[in-house]
Amino acid sequence: MKMNTKLLHGYPVICKDTGASSIPKFQASTFHQPDAFHHEGYNYTRFGNPTITAVEECIKILEDTEYGLAFSSGMAAINAVLFLLSKGDHLLLAKNIYGGTFQTIQEFLVRFGIEYTMVDEADLSAWENAIQPNTKMIYLESPSNPLLTITDLKAVTNMAKQRDILVACDNTFMTPLGQETLPLGIDLVIHSGTKFINGHSDVIAGLVATNNESLHKRLKIHQKALGAVLSVEDGWLLLRGVKTMGLRMERSIENAQQIAEFLQTKKQVKQVYYPGLPTHPGYEIHQKQAKNNGAVLSFELESQAQVESLLKNCKVPIVAVSLGGVESILSLPWLMSHAAISEEERLKMGVTPTLVRLSCGIEDIEDLITDLDQAIQ
Ligand SMILES: Cc1ncc(COP(=O)(O)O)c(C=O)c1O
């Protein structure tokens, strides 16, 4: 089955009890049992729910893995993975990661006695040199949020495998359709389902997929014990949204490429970051490991006044914190996705007050370009 067919037929999409063409919202916290010793598959929604099972089957199919888990948010999924670490362990991570991930490392992991080192993800020798005898996990995003830096996933996973280090990858920007990370050696793939997978800016969700049974069992306990389960309503909406992901992504990616090329021609734009541009330093590696270039790009303007004017004068994209919706979304990582990181750390990452991120939606490209053009002028 090819992907667009899989998205519609590859996992439970029909209710087996009634034939309903969408899996119902099993809006129940608990399930009647015939007696105290037996139940019919479900007993309490924090431990499992049929609507959420369908979501978990869906991520398994999309990632082509043995196991999939759904969480209440991308951050809940990330925390469940990071909590695999124990006191005394060392975490090695890319310096360009989502701000919330950085915050959880500083707020929890450090307090729990876990050391971490951040490296320039594009520099293989930096990864190699930072590995310590107690390094237990490598964590990365490629392309990263918000600078779209690229990590050579195969080279980093090869390095990790030689030393028995787990590798976790946040694949939110690429989606399972755009980049298959497990065949590259990644052990755990994470998605903020809030973004392209649901695609309609109306759900908060997180997903993790793996082929490793023992990791899956531990994560299932984290899901249950941390209470970070996906709500039934959000699970149902995600199941509806995911059906059109193939078509949505196709259009959004086409728009992103054209907008990136257009922005490169504007004198007010100092730099465009998009892995679909041959000028991107990670272009060749990204083309080798991904199937497309994704629908998110960032660009650097010259002054804060220009940024303010752009955000005020753009009429088509919404100005918001998120990404991955059917509508284009403009955001300022400095004040939004990366605000939880200290000013010094943000600047070290390259996240400046004049960096704008654009998540491309499915609008008509002529309208997007005309609008961006007038707002940039
Ligand atoms: C790359 C990336 N990972 C994870 C997250 C967190 O996801 P959520 O907001 O669903 O918790 C985000 C949110 O913006 C993100 O951009």
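One-based numbering, in listed order, for ligands and for the atoms of each. Given the structure is predicted, the values throughout are model-derived calculations rather than measurements.
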Would you tell me which option among E141, H191, M174, K195 has the nearest heavy-atom contact to atom 13 (C) of ligand 1?
K195
For I78, counting its heavy atoms only, list the atoms of ligand 1 lying under 4.0 Å from any of them.
4 (C)
S73 heavy atoms within 4.0 Å reach ligand 1 at atoms 10 (O), 11 (O)
Taking non-hydrogen atoms only, is A205 closer than 4.0 angstrom to ligand 1 via side chain, backbone, both or neither?
backbone
Are side-chain heavy atoms of F173 and Y98 found at a separation under 4.5 Å?
no
Which residue and non-hydrogen atom of the protein lie closest to atom 10 (O) of ligand 1, and at what distance in Å?
T194 OG1, 2.6 Å
Between ligand 1 and I190, can you find any atom pair, the residue atom being a heavy atom, that is separated by under 4.0 Å?
no
For residues E66 and N211, is any side-chain donor paired with an opposing acceptor at under 3.5 Å?
no
Could you find the nearest protein heavy atom to atom 6 (C) of ligand 1 and give me its residue, atom name and distance?
Y98 CE2, 3.5 Å
Residue, atom and distance of the protein heavy atom nearest atom 16 (O) of ligand 1 read N145 ND2, 2.9 Å
Quick one: are V167 and M137 in side-chain contact, heavy atoms under 4.5 Å?
no
Check ion pair K60-E56 (N to O, under 4.0 angstrom):
no
Side chain or backbone, does G74 bring an N or O within less than 3.5 Å of an N or O on ligand 1?
yes
State, yes or no, whether a side-chain contact exists between R357 and S337 at a heavy-atom distance under 4.5 Å.
yes
Could you tell me, atom by atom, which parts of ligand 1 come under 4.0 Å of a heavy atom of D170?
1 (C), 2 (C), 3 (N), 4 (C)
Identify, for atom 11 (O) of ligand 1, the protein heavy atom at the shortest distance, and state residue, atom and that distance.
M75 N, 2.8 Å
Could you tell me whether the side chain of C58 reaches within less than 4.5 Å of the side chain of V242, counting heavy atoms only?
yes
For atom 7 (O) of ligand 1, grab the closest protein heavy atom and report residue, atom and distance to one decimal in Å.
S192 OG, 3.0 Å
Does the pair K291/E180 count as a salt bridge with the N-to-O cut at 4.0 Å?
yes
Given F31, which of F26, Y44, Y42 fulfils the ring pair (Phe, Tyr, Trp, His ring centres under 6.0 Å) condition?
Y42
